[in-house]
Every structure is written in structure tokens, then in C-alpha cells.
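What follows is a short report on a single structure.
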Amino acid sequence: MSWIPGSTSLRYGGDYNPEQWDREIWLEDVALMMDAGVNLVSLGIFSWAVLEPREGEYDFSFLDDIIGLLAGAGIDVDLGTPTAAPPAWFWKKYPAAHPVTRDGRTLGFGSRGMVSPSSPEYRRASAAIADQLARRYADNPAVVMWHVHNEYGAPISDSYDDYSVLAFQRWLRARYGTLDSLNRAWGTRFWGQVYGEWDEIDAPRVSASVSNQAQRLDFQRFTSDALLACYVGERDAIRVYTDAPITTNFMATNCPSVDYWKWAKEVDIVANDHYLVAERTDNHVLLAMDADFTRSLAGNRPWILMEHSTSAVNWQPRNIAKRAGEMARNSLCHVARGADAVMFFQFRASRFGAEKFHSAMLPHGGTGTRIWKEVVQLGSDLAGLSRVGGSRVTASVAIVWSIESFWALDLEWRPSVELGHRERIEAFYTALWGLGVTVDFVHPSHDLSGYDVVFAPSLYLLAEDDAVNIDGYVSGGGNLVVSYFSGIVGDNDEVPTGASPGALRDVLGLSIEEFLPLYEDQTVSLSDGGSGRAWADDITLGTASAVATYVDGPAAGKAAVTRNSRGSGSAWYVSTKLEGADLLSFVVAALDAAGVSYSAPAEGLEVVTRSGETEDFIFHINHSDAEAPLLAAGTDVLTREEIAVGGTVPAGGVRVVARPRVVGETAVRTDDIHQMAR
Ligand code: GAL
């Protein structure tokens, strides 16, 4: 299954919650959807209480009616299963399904997403409603795809209820086979935690001090698997009746509890929700990162932007509204990075409930609003971009993303509070974004051979096999860039024998005698004129040579940045936190040494290419307040204008330049880099 059946163009629409409205509003909505060019809506995501008012009693009249109206207007349906919000009767009858937090609080009814994923009652009830929906609508031609649940893992994921404890014990038996092997893997001789029976093992609740870290890591893995089993249960119930694509909406870089590499294998099409962190001035860069990760999860096949917002959300400390043009830039950035569907939460703004201050395609103010006009314009732009659909984005540079490593690093008692995987990944991604380098994300077990450079900005946990894979990549001619506190522990958060960095010692050609975390405000100077913060290592060089040394600080005179030749490749190591222009120069050095070619765009201009069979589509998204030079000439797909060499993209504007496929690009100029670093 590669894409939504019946699609001739990019898909456009959003979540639609008609059960919150009277029928005359539905008629108005369907007409307005047609005005806006909407061709797909997600229905029924929170409708369980309406569809199954009492256990086993179903009432599909509202869905029959609205699906009929939408079908009459030529609008397709992405049919949701409503299992993120079990009805009141469910809780009355099955109170043991309530989730329990790590510190022992039982969470009550009244919001959503609050169920123990290991509750057998929930598993049964959710599969039953999925079965009923699929039985009824599988053959309805308007229902082109299925949307299971909503954002697994949010707002909570791990539960410490009795069902979860039993399921965790079963999961551990399957993983370890014997208690001996579990005791070894978890290092339970430390602080006297040895287990003699499986049922002595509890979920890792809040304890007097730091809990067993391997146990906590396994509980994260278990939780991701338990949630995935919920998805698979519903998906399989639907699959009995249909071959249409089935998916669930991810929160790619923003879900701390789910291993999406594993999940991506279980969905027919990857779908993602993305919301800006409104107060961050670089949120367009984070958006690009999220879209690149989503595309990578999708194996570079087209993916669905299942939700984003037309303007402000309602759940951040300061819900900053999007300015004119920002919504289009956001949407088209997702398209530039591989999305073939642009969807919002939600079509019509709610009048009641927790989300009444959240923006929508149709705001409370109606069709006279700027937002509505921009929504209609976006619908028309996406229709104009239909030939972009199915084209691909290629990248020669990758960043490693391993949620297991993040889980492990986030546990307590690490050598410094400054060890943030997210901070380092964002820093390296931002440098590459500024250079106009498109990035894929990879898991350390993936085949890396197609990439000129692989960055591992913070890869604390590295399983032995994955380290072998990375070593093979380098020996075979790849270029690896590793930053500090990477390769420190194995699969169970255990330190491998010998000096750090464990399984990366040989590939990096060095060993670390001691970690040297810095004081909060301390800066160390490097021999290349740069400086570092947060961290330093006491490095003993093996086959690697020093590219820069520490001038001062606890590692004065020792190597700070190193490079090792291994086989036909090379591996860089940077042992301190480089920022701004220092990080940019380092990234440029690594790219140049690897022979990566790229064209650095003007500051604030985002340039991404999607390649079709005969044409390239070069998206230019200008996030700045100044007009910027285009990097390509051709035809503007949005305006149909011919653009000669020397054309520009207006401040805040977007141009998508189509040109026959060409290969070859200009190299970045050093003065551009300095410009950007400022
Ligand atoms: C998403 C969720 C939607 C809506 C939206 C608001 O996380 O899936 O149902 O709540 O947030 O931003």
C-alpha cells in the first residue's frame, strides 16, 4: 500500500467533529469544505459515546448521515476509531482499566487518552468498536482510509496499574526467558535487588532513591509495545473487512514514549501531527526537523500531515497566533519535505470543551476572517501543486535518532544535567538547515551506506550489533561525526568493559580516561579559536589525531576534536558542546571533508527539492522579512510564471520552482557561512 486510493492530487482537510454540531451546521460545513478545496476529512475520532451509547448497543445514524453528505460533495473520509475516549459506561463497569501514575495516583474519567494499555477490558472493547465500524463502512466508497485511535502515548503512556504489572512480567519472560538472565541484564546484585520469582517484579514505581535503570528502560520498551499491541488489535479487526490503508497519527519528534521506528512498520501510511512551539523563534527549523524525521519513518514514501494548526493552539503557556502567511509556509514546508496530505486540527472551531480557544480552519469568526481566506487560498495552492504528489526527497546526510538512547539518557544520575540529546540533535540539525542541507534520520541499525555523512549528536546507548553496523559503515567509506557522551552504555544501560566510549572506541580511535563535566557558566577555549561549554573529556588518542585541543579548562593540552581514519572512511569526535558559529564551522569541515555539495541559501530561506520522474520541484520558503534570491530558475508551480536566473522570493513568501531534472550544485561559499553564523 503506497498511498490513499483514489487520490489524483494532494489531500487537504482536517479532523471534523460533527457530533458537536446540529445538522444544519453540517450542511453549511460541507459547502464550505467544497469552497476551500477540502478532499479528505477525519471523522469519528472522539465519537465512542455516540456510536455505542451502551455496551454492545450501536447507533451509527449520525455517521451514516454525515458520510453520505460528504460523499455527495465528493469529499473522502478517513474514518477514525474512537478509542482514545472510552465512554462513561466503560469506566463504571471496568474501573480497573484506569491508569495509575508512577507515584500512585489513579487517573479519572473526564478527559481523554486515559486508559491502561494493558487492560484486557479496554483491548476487547476497542477491538469490538473497530470491528463494528469496519463491518459497516469497509465497503463504503467514501471511506478511503482508517485512522485508529488518536496519538498513542499522549497525554499519558506508562501505567502502573495491576494489569500493567502482570503484562510487564509476561513481557520480561518473553525477553529474558529466565530470571537468571534478567538478573544479569538488570545488574540486580547492585543494591540487593535480585529476583527469585517473576511475580516479585513490579513496575518501576517512585522509590526512595533512584530505581534500577535497566528496569526503567525495559518498562519504557514494554509501554511502547503495549500501546502498539492496542493499535495492532484494532488494525487487525479492521483488516478483516478491508484492504484500505490503516494508520494512526504519530507525533514524530514530540512523543517521548513511543518507538516510532518499530511502529512505522505496522502502519500502511505514516501520518503525523505537528504543532509549533509557539514561543520559539526558530520553530520553523524544528518543524522542518519533524517533517524530515516523519519522512524517514515513512521510508521516504509520501506521508500524511494528519494535524497541524491554522493559527494558535490552546495548550501552551503563551499561545502565539500565526501571522499572515505563516500557516501557508508551515503547510508547504511539510509538503516540501514529503507530505502529500495537509490536514488540520480541526475543521470548525469547537464552542464547548477544553479546545474552544484552539484555532481551526473555520474560526468562530466565520468566513470573513483572515484565517478562512488563507485556508481557501491554501486549498487552491495545493490543488495547483498536484503534480508534486509522489515525488521524493533525497538526502546524502543523516542524523541518528534512537528513542531507546533518549529514554536511557533521560534517567537519573547522569554525570551532568547538561546532557540533552534533544538539544544536541537540534543544534546539529539547525546548522545543517542553515546550510541548506537536507537531512534524513536513521536508526543505528539501518543500512547507512547511502549517506556521505552520518551525524550521531548524542548517542548515549548503543547496542553491540548497532555499533558493529556503524563501524562497518565507516570502514566501508562512510564519514561519521559523534559528539560527547555517545556509545557510553549497551542495550541495558550497562557500561561495557574497558574505557569509554565502549563500542565506539575503535571506530573513533580513542579512549576516554575520565568525563570532565564543566561548571554551569564555564567556557573552555579551543586551539582553533572556538570555545566549548558543558562538557569535556580526558582523551587518550589511539589511532585518531587531534583536530583541535583544549587551551584551558580541566582537559587543557588534551584533544578536544579528533578525527580517525578507519578503512576507507573517517570518524570525527567532538568532546565539548560547540554552539553557533563554532558548531557551524565544525559541521562545514565535516561536510567538506566528505565532499558533500550544497548551496547555502540566504538567511531565513529554506530550500528543499522534491524530485519527480522528469521534474525537480525546488521549494523556496522565505521565513525572513526580506526578499531573498531564488536558488533556481524555472516555472513557478503556484503562479505559473517563468522565473529567470536572478529571481526572488518575497519576504514571508513561498515559491515552488519546477525545472527539468538536473544534477550538480554550487558549493557553499565561506562568506555565506559567516553571514549565517551571525
Ligand atoms: C492533538 C490532538 C487533537 C487536538 C490537538 C490540539 O495533539 O490529536 O485531538 O487536541 O492536539 O492541538
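One-based numbering, in listed order, for ligands and for the atoms of each. The basis for the numbers below is simple: all heavy atoms, side chains too, and nothing from hydrogens, waters or symmetry mates.
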### Query
What residue and atom, counting heavy atoms only, is the protein's closest point to atom 12 (O) of ligand 1, and at what distance?
His358 NE2, 2.6 Å
### Whether over 12 other heavy atoms sit under 6.0 Å from Arg323 CZ
no
### Query
So with a 6.0 Å cut-off around CG of Asp625, is the heavy-atom count from everything else above 12?
no
#### Entry: Nearest-contact summary for atom 7 (O) of ligand 1 - protein heavy atom, Å
Glu151 OE1, 2.5 Å
### Task
Could you tell me whether Arg112 approaches ligand 1 through its side chain, its backbone, both or neither, with non-hydrogen atoms closer than 4.0 Å?
side chain
### Message
How far is atom 10 (O) of ligand 1 from the closest protein heavy atom, and which atom is that?
### Response
Glu355 OE2, 2.3 Å
### Summary
From the list Tyr260, Trp401, Trp261, ring-ring contact (aromatic ring centres under 6.0 Å, His included) with Phe441 holds only for Trp401
### Query
What do you reckon, does Asn150 have a nitrogen or oxygen under 3.5 Å from a nitrogen or oxygen of ligand 1?
yes
### Task
Fit a plane to each ring of Phe168 and Phe222, take the angle between them on a 0 to 90° scale, and name the class: parallel (under 30°), tilted (30 to 60°) or perpendicular (over 60°).
tilted
#### Entry: More than 12 heavy atoms of other groups within 6.0 Å of Arg105 CZ
no
### Query
How far is atom 5 (C) of ligand 1 from its nearest protein heavy atom, and which residue and atom name does that atom have?
Tyr275 OH, 3.4 Å
### Task
For ligand 1, indicate whether the residue Glu307 contacts it via side chain, backbone, both or neither (heavy-atom separation under 4.0 Å).
side chain
### Query
Any side-chain donor paired with an acceptor under 3.5 Å for Ser42 and Asp78?
yes
### Task
Just let me know how Asp273 lines up against ligand 1, side chain, backbone, both or neither, with a heavy-atom cut-off below 4.0 Å.
side chain
### Query
Is any N or O atom of Asn249, backbone or side chain, closer than 3.5 Å to an N or O atom of ligand 1?
no
### Task
Under the ring pair (Phe, Tyr, Trp, His ring centres under 6.0 Å) rule, what do His149 and Tyr231 come out as? Steps first, then yes or no, please.
CA-CA 8 Å; His149 196 88; Tyr231 166 76; 9.3 Å; no
